[in-house]
K.L.:
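Can you read through this structure? Questions will come right after.
Below, all heavy atoms of this structure are taken into account, side chains as well, without hydrogens, waters or symmetry copies. Computed from a predicted model, the values in this text were never measured in an experiment.
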Amino acid sequence: SMSFKPFELARQFNDSKAKMVFCSEKKLVEVVEALKLSPKIQLVIVVGREKSKNTLGFVNFQTLLETPPFLKTIPAKIDAKTDLIMLPYS
């Protein structure tokens, strides 16, 4: 939610054991603050940020879409019944 404060975001990140966060450019400041309290987050993907702007090490969503896949990766073992890709909070 756009109204969440950094401590609320951090609580959700930690509660869900998130490793990755998608956020809008407008919410990036709060997400950066929440990261200080969320050590398990490994990747932040910013949606809507212009590629020419400094992304502070975060991944731009458009760049992600334009990047060819690395085909020599080890296939992940995914159990569709128990593994979770997205957990919306409200």
Side-chain angles (χ1 to χ4, degrees):
S1 171
M2 290 298 289
S3 64
F4 286 151
K5 304 295 181 210
F7 74 93
E8 294 168 311
L9 292 170
R11 184 173 12 155
Q12 290 182 4
F13 298 163
N14 294 326
D15 179 60
S16 66
K17 298 180 179 120
K19 296 178 183 175
M20 176 173 42
V21 174
F22 283 79
C23 73
S24 68
E25 184 174 6
K26 292 180 181 180
K27 200 64 180 169
L28 185 57
V29 172
E30 287 86 353
V31 169
V32 168
E33 285 300 310
L35 292 178
K36 295 174 185 175
L37 303 170
S38 309
K40 295 193 182 223
I41 300 294
Q42 300 171 9
L43 180 64
V44 176
I45 298 174
V46 184
V47 179
R49 174 159 245 175
E50 294 178 26
K51 290 197 297 187
S52 61
K53 292 185 179 179
N54 179 358
T55 57
L56 303 171
F58 302 129
V59 176
N60 173 281
F61 185 66
Q62 188 61 39
T63 301
L64 182 70
L65 293 176
E66 295 170 358
T67 302
F70 182 67
L71 300 176
K72 293 185 180 183
T73 59
I74 299 170
K77 293 181 181 179
I78 298 172
D79 183 341
K81 292 181 180 180
T82 60
D83 294 340
L84 186 66
I85 190 167
M86 185 180 293
L87 181 62
Y89 277 81
S90 62

K.L.:
Show me the donor-acceptor pairs, under 3.5 Å and distance only, between side chains in residues 35-42 and residues at least two apart or in other chains.
P.N.:
from, atom 1, to, atom 2, distance (Å)
Lys36, NZ, Glu33, OE1, 3.4
Lys36, NZ, Glu33, OE2, 2.9
Ser38, OG, Ala34, O, 2.9

K.L.:
How long is the span from the CD atom in Glu66 to the CZ atom in Phe61, to the nearest 0.5 Å?
P.N.:
11.0 Å
K.L.:
Would you indicate whether the side-chain heavy atoms of Ile45 and Phe58 approach each other to under 4.5 Å?
P.N.:
no
K.L.:
Consider only side-chain heavy atoms of I, L, V, M, F, W and Y, link residues closer than 4.5 Å, and tell whether Val21 and Val32 are in one cluster.
P.N.:
yes
K.L.:
Partners of Glu8 by salt bridge (Lys or Arg N to Asp or Glu O under 4.0 Å), sequence neighbours excluded?
P.N.:
none
K.L.:
Given side chains that start at C-beta, do those of Val46 and Asn60 come closer than 4.5 Å, heavy atoms only?
P.N.:
no
K.L.:
Show your reasoning for whether side-chain contact (heavy atoms from CB on, under 4.5 Å) applies to Lys27 and Met2.
P.N.:
CA-CA 7 Å; Lys27 200 64 180 169; Met2 290 298 289; 4.3 Å; yes
K.L.:
So do the side chains of Val47 and Cys23 get within less than 4.5 Å of each other, counting heavy atoms only?
P.N.:
no
K.L.:
Any sub-3.5 Å donor-acceptor pair from Asn14's side-chain atoms to Ala10's backbone N or O?
P.N.:
yes
K.L.:
Does a side-chain heavy-atom distance below 4.5 Å link Leu9 with Val31?
P.N.:
yes
K.L.:
Once rounded to the nearest 0.5 Å, what's the spacing between atom CZ of Phe4 and atom CZ of Arg11?
P.N.:
8.5 Å
K.L.:
For residues 74-84, please give each side-chain donor-acceptor pair under 3.5 Å, one per line with the distance, not counting sequence neighbours.
P.N.:
from, atom 1, to, atom 2, distance (Å)
Asp79, OD1, Lys81, N, 2.9
Asp79, OD2, Thr82, OG1, 3.4
Asp83, OD2, Asp79, N, 2.7

